[in-house]
Amino acid sequence: MSKELVSALDDLEREKGIKKDVVIEALEAALVSAYKRNYDQAQNVSVVFDEAKGNMNVYAVKKVVSDVSDPRLEVSLDDALKINRGYELGDEIKFQVTPKNFGRIAAQTAKQVIMQRVREAERATVYNKYSKYQDELVTAEVERQDNRFVYLTLDGVEAVMAAKDQMPNEHYRPQDKLKVYVTNVDDAAKGPQVFVSRTAPGMLKRLFEQEVPEVYDGTVEIVSVAREAGDRSKVAVRSNQPNIDPVGTTVGPRGQRVQDILNELDGENIDIVQWNDDPAEFIANALNPADVIDVIFKDGQDKACTIVVPDDQLSLAIGKRGQNARLAARLTGYRIDIKSESEMNDSEEEAPEATE
């Protein structure tokens, strides 16, 4: 058992990177519990691993006192001095109490501790590897699907995509290769779990970074993204160089750059709008393709405004089932109330005149 254990500890450190002293410390602690449990002992004991021989020795630890009240925990000063004249009150003395059959228990415990450490090391390896990919875009292969998740393989590790992270217009089949966005790497009790998404707004940002060099190097910045995955999204961009058109650069020649992203997202419509540090300008841009006559900020209401649009563009500004207005609100962070020009004029006429 001794040679096998020492060899196993050396292999663990060399192949798995698990430090030998860490395993020995865990093993000694586990053997203390095993000794007390198997031999019904309540005394203060310690287990020491002899690395040279590979043996496990159990010691009862007793405190030197003048009057012994519990012989399991204490030894008298007179008895201590018989062992060594240097002992004083308060010192601790170790007495070897290793049972004859303790080697069998030690072997079983060592196996359990080593297996546990291997599992923990493998979990840590997976977690450390994939936690670096959080909020990044990776390619994964579909493995299977059930009512809760699509299961994908990511470099030999299983990732899961929940229903809310699946595109409503996509069907996933085994061996399909997908670009997915890593939303979370959870170091769960059963092992690291990688969660991925096809619907997260962050995925859109990463796709633009892949397709548009100016976005990747920071010349053009994606300020915010509002997305209803599989249907329509809005992306606000700004340029960090005055001679660069952020919208034109992001769309690309003949729309090729954004078209590649549309193809990846199975035809999801994307509105690219120019960010502006003037909230009124930004909100007007966000309601594209509708024209905006005026943006009126509401007194006493934080981040709330009324948008005035031409009568013939009210439905365009609101969008199908309110989608255009909803996405514009998410993109800008403002609560938006849209009114036609005639509605606005009527409301102004109905307002009571101020009296002196």
Side-chain angles (χ1 to χ4, degrees), residues 1-63 72-73 75 80 83-84 86-87 91-134 138 140-141 143 151-160 182 185-194:
M1 180 258 177
S2 59
K3 292 182 179 180
E4 291 177 357
L5 180 56
V6 173
S7 176
L9 294 177
D10 289 335
D11 290 343
L12 277 179
E13 188 161 22
R14 184 174 57 254
E15 298 174 7
K16 300 287 186 180
I18 304 173
K19 296 296 183 182
K20 185 189 297 185
D21 56 351
V22 173
V23 180
I24 291 173
E25 183 179 348
L27 181 55
E28 289 174 345
L31 284 171
V32 168
S33 297
Y35 173 79
K36 291 182 177 181
R37 182 174 61 253
N38 284 274
Y39 297 96
D40 194 24
Q41 297 294 326
Q43 71 257 47
N44 185 20
V45 298
S46 67
V47 174
V48 178
F49 175 63
D50 184 344
E51 191 172 338
K53 298 180 180 179
N55 293 331
M56 297 288 181
N57 295 313
V58 184
Y59 295 90
V61 183
K62 299 184 179 184
K63 188 175 182 178
R72 297 173 304 172
L73 305 175
V75 60
I83 300 171
N84 189 314
Y87 282 125
D91 288 346
E92 289 187 340
I93 303 177
K94 291 184 177 180
F95 297 89
Q96 185 168 338
V97 292
T98 309
K100 291 183 179 180
N101 65 339
F102 192 66
R104 175 183 57 81
I105 296 172
Q108 292 173 346
T109 305
K111 182 179 179 180
Q112 293 170 357
V113 169
I114 289 172
M115 289 178 64
Q116 180 182 358
R117 289 291 165 169
V118 169
R119 287 193 296 268
E120 290 175 355
E122 290 173 345
R123 283 176 52 187
T125 298
V126 173
Y127 179 76
N128 292 336
K129 178 178 180 179
Y130 287 99
S131 60
K132 299 175 185 176
Y133 291 109
Q134 187 159 324
V138 296
E141 182 175 316
E143 188 179 83
Y151 298 86
L152 306 100
T153 302
L154 195 61
D155 288 339
V157 174
E158 187 176 78
V160 297
V182 180
V185 181
D186 185 15
D187 193 12
K190 294 182 179 179
Q193 183 72 72
V194 181

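We use all heavy atoms of the structure for the numbers below, so side chains are in, but hydrogens, waters and symmetry mates are not. For reference, positions follow the sequence shown, starting with 1.
- Between the OG1 atom of T153 and the CD atom of E158 there is a distance of 7.0 Å, given to the nearest 0.5 Å.
- Between L31 atom CG and N57 atom CG the span is 11.0 Å, to the nearest 0.5 Å.
- Minimum interatomic distance between A60 and V45 (heavy atoms only, all atoms of both residues): CA-CG1, 4.1 Å.
- Among all heavy-atom pairs drawn from Q193 and V160, the shortest one is NE2-CG1, 3.5 Å.
- For V75, the side-chain contact (heavy atoms from CB on, under 4.5 Å) partners are K62, V64, D79, I93, F95, not counting sequence neighbours.
- By the side-chain contact (heavy atoms from CB on, under 4.5 Å) test, Q112 pairs with no residue at all, sequence neighbours left out.
- To the nearest 0.5 Å, the span separating CD on Q134 from CG on D186 amounts to 9.5 Å.
- The heavy-atom pair separating V47 from V58 by the smallest distance is CG2-CG2, 4.2 Å.
- No donor-acceptor pair closer than 3.5 Å links the side chain of E28 to the backbone N or O of S46.
- Y133 is not listed as a side-chain neighbour of V185, based on a closest heavy-atom distance of 4.5 Å or more.
- The number of heavy-atom neighbours closer than 6.0 Å to CD of E25, taken from other residues, nucleotides and ligands shown, is 12 or below.
- Contact record, L154 with V194: CD2-CG1, 4.2 Å, taken as the closest heavy-atom pair.
- For the pair V138 and V182, the minimum side-chain heavy-atom distance is below 4.5 Å.
- E92 meets the side-chain contact (heavy atoms from CB on, under 4.5 Å) test with V61; sequence neighbours excluded.
- Rounding to the nearest 0.5 Å places CD of Q116 at 11.0 Å from CG of L27.
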